[in-house]
Structure formats: structure tokens, C-alpha cells
J.: 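I'd like to ask you about the structure that follows.
Ligands are counted one by one from 1 in listed order, and the atoms in each one are counted from 1 as well.
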Amino acid sequence: MDILFDLIIIGSGPAGMSAAVYASRAELKTLIVESSAPGGKMVKTHLVENYPGEKSITGVDLSMKMHEHSLSFGATYAYGNVIDVKQIVGGFEVVTEHGETFTSKVVIAATGTVERKIGLDQEEELVGKGVSYCAVCDGAFYKEREVVVVGGGNSALDESLYLTQFASKVTIVIRRDVFRGEIGTQEKVYNNPKIEIVKKHVPVEIMTENGVFSGLKVEHVDTKEQKIIPGSCLFPYIGSDPATAYLKNLGVLDDQGYSIANDRMETSVQGLYTVGDMNQKTLRQIVTATADGAIAAQEAIAYLNK
Ligand code: NAP
């Protein structure tokens with residue numbers, strides 16, 4: 001089989017786009033395969049305030065800037081949802097959902113994570129009818145209405161603050177009595193008069209009226225008392241899981257599906273690098289993702305030059 005590319009980058013979040021800049025600038029024939037809009041989780045983020053050089057920038061703007069940059073040295077871009085990566089003589093075959101295949105000598109996988117579902121009845125069928133995993137995409141539909149956010153990590157806190165621009169009230173439901181997100185963001189949340197925090201409660205049931213979300217039934221973790229929080233939309237922000245199913249046959253994933261890569265982003269498969277949020281790591285940030293992408297691309301260049 002002919003090998004068409006030096007490098008295929010799967011995913012165009014910050015990690016993949018950074019890898020594309022480094023690799024294509026070093027003149028590797030590079031293809032980026034992406035199944036959605038460029039930017040990954042970043043494009044669904046309201047504001048980014050911790051990426052050096054950008055004091056405050058919307059996730060959409062930073063995604064578009066990185067996207068343009070990632071293609072500016074000659075990398076090509078293809079739409080496709082990758083479902084398998086196979087080892088072939090001299091490299092890899094990357095297979096998409098619609099049966100397209102691309103070949104390369106080296107692969108950098110950068111597919112990040114997908115939002116975790118709460119697991120409530122009707123949760124998935126009500127997406128678009130009052131359940132949303134993207135405040136940036138859907139928040140503006142809920143002007144002067146009440147919304148419910150579940151989760152207490154950075155995503156839940158950032159997106160709750162974003163939602164207060166539109167909603168008349170944002171209720172955040174957390175299962176412990178402390179948040180997980182950054183202290184500075186917690187302070188903004190506590191000081192926002194539009195936000196109410198319901199602590200030590202877990203969601204148990206989605207309430208509907210005329211086929212759309214109308215409230216969330218929650219239960220106190222100790223007393224088991226239940227109550228309904230009314231609202232027009234539910235935004236679950238309870239973390240995410242690695243989007244790595246397409247690598248399961250290569251033996252590079254841990255039991256939770258995160259990829260195991262060393263500090264050079266090398267996996268146990270020669271020529272396969274993994275980067276960003278999909279990796280086992282302690283700090284999942286845009287800045288750590290872009291760093292991973294740069295490291296992997298440099299390693300790929302060295303590997304191809306051997
Ligand atoms: P996360 O940090 O894992 O937080 C998940 C939250 O959801 C926690 O409050 C958790 O509660 C809660 N939760 C989990 N399962 C639940 C369930 N079944 N029912 C109710 N609540 C549940 O996830 P994240 O906020 O998506 O962030 C992911 C990573 O991206 C983190 O490393 C985060 O720091 C990073 N990130 C950073 C920024 C930033 O720097 N501004 C922005 C967004 C994301 P417990 O705390 O009780 O476990």
C-alpha cells in the first residue's frame with residue numbers, strides 16, 4: 001500500500017493544531033483529520049483567560065486563530081470521524097466512519113475527551129429540547145429564563161458564569177459541599193447574584209412538559225429528601241471521558257481508556273504518538289495540550305529523519 005503522508009494528525013484541538021504547526025513548518029507532508037469543528041473542547045468554551053499571550057479571548061476566536069495558523073505552512077485538512085488505526089508496512093492506515101482510508105508513516109492522535117452523560121432517562125433524547133452540553137452554543141436561547149447546571153469543576157463554573165449573561169437564574173447542583181474548580185472562579189461564582197448553588201444533591205430525574213425539559217429532580221445525598229429545580233435547560237458539566245476507542249486494538253490505552261505516552265509523547269507502538277487530554281496526565285489545559293503537540297511533532301520529525 002502506498003504511504004501518502006509523512007504524518008496524520010487525528011483531531012484538531014489545541015494539541016493537534018500545535019503538532020500541525022511544528023510538523024508542517026518542518027515540511028512534513030501533514031494531514032489533519034477532524035470529525036467536528038476545529039478547536040475541540042476549546043471551541044465550546046466561552047472565555048479563555050489562562051493561555052499566555054491572550055489575556056482574555058473567546059474559545060471560538062482562539063480556535064480560529066490556531067486553525068488558520070495550523071494550515072498556514074501547508075498542512076491539509078480532511079473531515080472524517082476516525083474509527084480505526086491499523087499498523088501497515090512502513091506506517092499506519094487511518095480509517096474513517098465512512099470508509100475512507102488515509103496512510104502515513106507516523107500518526108499523532110489528539111482526539112481529547114467527550115462530555116460525560118449523567119445517565120438519566122431522556123437525557124440524550126432531550127438534547128435540543130432543553131438539554132445541552134454546550135453553553136456557548138445554546139446559552140443565548142435561554143434569555144431571561146432559568147437554567148440548571150450540574151457539576152462543580154472548571155467547566156461547570158466557567159460556563160455557569162457565561163450563562164448568567166442570558167439567564168435570569170443559574171442553579172448549580174454539586175454532589176459534595178465543595179467545588180472542584182479553581183478558587184478564583186469559585187469566588188466569581190459565589191459573588192454572582194444570579195447564581196444559586198445547591199450542594200450535596202445529585203440529579204435523579206428529568207422533568208418534562210410538552211416534551212421539553214422543565215426541571216431537574218435532585219436528591220440530598222444524606223437525607224435522601226427530593227426536590228425539583230425548575231428550569232428551561234439542563235447543562236450537564238460532570239467531566240469527560242477519553243475519545244480513544246479507535247486505538248483500542250493497539251494496546252496503548254489504560255483501563256479507563258486514556259492513552260499511555262511517555263514524556264516524548266511516544267506510545268508503545270513505534271511511530272504512534274498521543275497528545276493532549278486523551279493522555280494519562282495531571283493537568284489538562286490548552287497550554288499543556290499545545291506543549292504535547294509540539295513535543296510529539298519534534299519527535300516525529302526526528303523519527304522520520306532516522
Ligand atoms: P472535572 O474537573 O472532572 O469536574 C467534574 C465535576 O462534575 C466535579 O464537580 C464532579 O464532582 C462532578 N461530577 C462528576 N460526576 C458526577 C455525577 N455523576 N453526578 C454529579 N456530579 C458529578 O471536569 P471538567 O470541569 O469538565 O474539567 C475537565 C478538565 O479540564 C479538568 O482538568 C479541568 O481543570 C480542565 N478545565 C480547565 C479550565 C480552565 O482552566 N479554565 C476550563 C475547563 C476545563 P466531584 O468534584 O464531587 O467529583
J.: Between Asp6 and Lys29, does any NZ, NE, NH1 or NH2 come within less than 4.0 Å of an OD or OE carboxylate oxygen?
T.: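 So Lys29 does not pair with Asp6 through a salt bridge.
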J.: Within a distance under 4.0 Å of any heavy atom of Glu182, pick out the atoms of ligand 1 and give their elements.
T.: 40 (O)
J.: Hey, does Asn50 sit under 4.0 Å from ligand 1 if you only count heavy atoms?
T.: yes
J.: Are Asp222 and Lys200 ion-paired here, with the side-chain N under 4.0 Å from a carboxylate O?
T.: yes
J.: Less than 4.0 Å between a side-chain N and a carboxylate O, is that true for Lys199 and Asp177?
T.: no
J.: Counting heavy atoms only, which of Asp177, Ile238, Asp277 is nearest atom 22 (C) of ligand 1?
T.: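 Residue with the shortest heavy-atom distance to the ligand atom: Ile238.
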J.: Go through the steps for Tyr246 and Thr111 under the test side chain to side chain donor-acceptor pair (under 3.5 Å), then give the verdict.
T.: CA-CA 10 Å; Tyr246 62 95; Thr111 43; 2.6 Å; yes
J.: Taking distance alone, with N or O pairs closer than 3.5 Å, would you say Arg116 contacts ligand 1?
T.: no
J.: Decide whether an N or O pair under 3.5 Å exists between Ser240 and ligand 1.
T.: no
J.: Can you find an N/O atom of Gly152 closer than 3.5 Å to an N/O atom of ligand 1?
T.: yes
J.: Tell me, which protein residue and heavy-atom name are nearest atom 47 (O) of ligand 1, and how many Å apart are they?
T.: Arg176 NE, 2.8 Å
J.: So if I count the atoms of ligand 1 from 1 in the order they appear, which ones are less than 4.0 Å from some heavy atom of Lys41?
T.: 26 (O), 27 (O), 28 (C), 30 (O), 44 (C)
J.: Measure the distance from atom 26 (O) of ligand 1 to every protein heavy atom, then report the residue, atom name and distance (to 0.1 Å) of the closest one.
T.: Ser155 OG, 3.0 Å
J.: Salt bridge check: are Lys55 and Glu49 linked by an N-O gap of less than 4.0 Å?
T.: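 Not counted as a salt bridge, because no side-chain N and carboxylate O are separated by less than 4.0 Å.
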J.: Of the protein's non-hydrogen atoms, which lies at the shortest distance from atom 1 (P) of ligand 1, and what is that distance?
T.: Arg180 CD, 3.9 Å
J.: Check Glu115 with Lys44, please: is the shortest side-chain N to carboxylate O separation under 4.0 Å?
T.: yes
J.: Below a 4.0 angstrom heavy-atom separation, can you tell me which part of Tyr237, side chain or backbone, both or neither, approaches ligand 1?
T.: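 The backbone, only.
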J.: Around atom CZ of Arg284, are there more than 12 heavy atoms of other residues, nucleotides or ligands at under 6.0 Å?
T.: yes
J.: Using 0.5 Å steps for rounding, measure from the CZ atom of Phe102 to the CD1 atom of Ile32.
T.: 12.0 Å
J.: From the options Arg175, Arg284, Glu115, select the one whose nearest heavy atom is closest to atom 18 (N) of ligand 1.
T.: Arg175
J.: Relative to atom 36 (N) of ligand 1, which among Ile118, Thr288, Asn154 owns the nearest non-hydrogen atom?
T.: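 It is Asn154 that holds the nearest heavy atom.
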J.: Taking Met207 as the fixed residue, which of Ile229, Ile228, Leu234 is the one that meets the side chain to side chain contact (heavy atoms under 4.5 Å, CB included) rule?
T.: Ile228
J.: Just checking Tyr22 against Phe73, ring centres under 6.0 Å apart?
T.: no
J.: Starting from atom 41 (N) of ligand 1, find the nearest protein heavy-atom neighbour and note its residue, name and distance.
T.: Asp158 OD2, 3.1 Å
J.: Walk me through whether Lys65 and Glu54 qualify under salt bridge (Lys or Arg N to Asp or Glu O under 4.0 Å).
T.: CA-CA 11 Å; Lys65 280 175 114 174; Glu54 298 286 358; 2.7 Å; yes
J.: Checking a contact table here: which protein heavy atom is nearest atom 37 (C) of ligand 1, and how many Å away?
T.: Gln285 NE2, 3.1 Å
J.: Looking at atom 16 (C) of ligand 1, tell me if a protein heavy atom falls under 4.0 Å from it.
T.: yes
J.: Identify, for atom 23 (O) of ligand 1, the protein heavy atom at the shortest distance, and state residue, atom and that distance.
T.: Gly239 CA, 3.3 Å
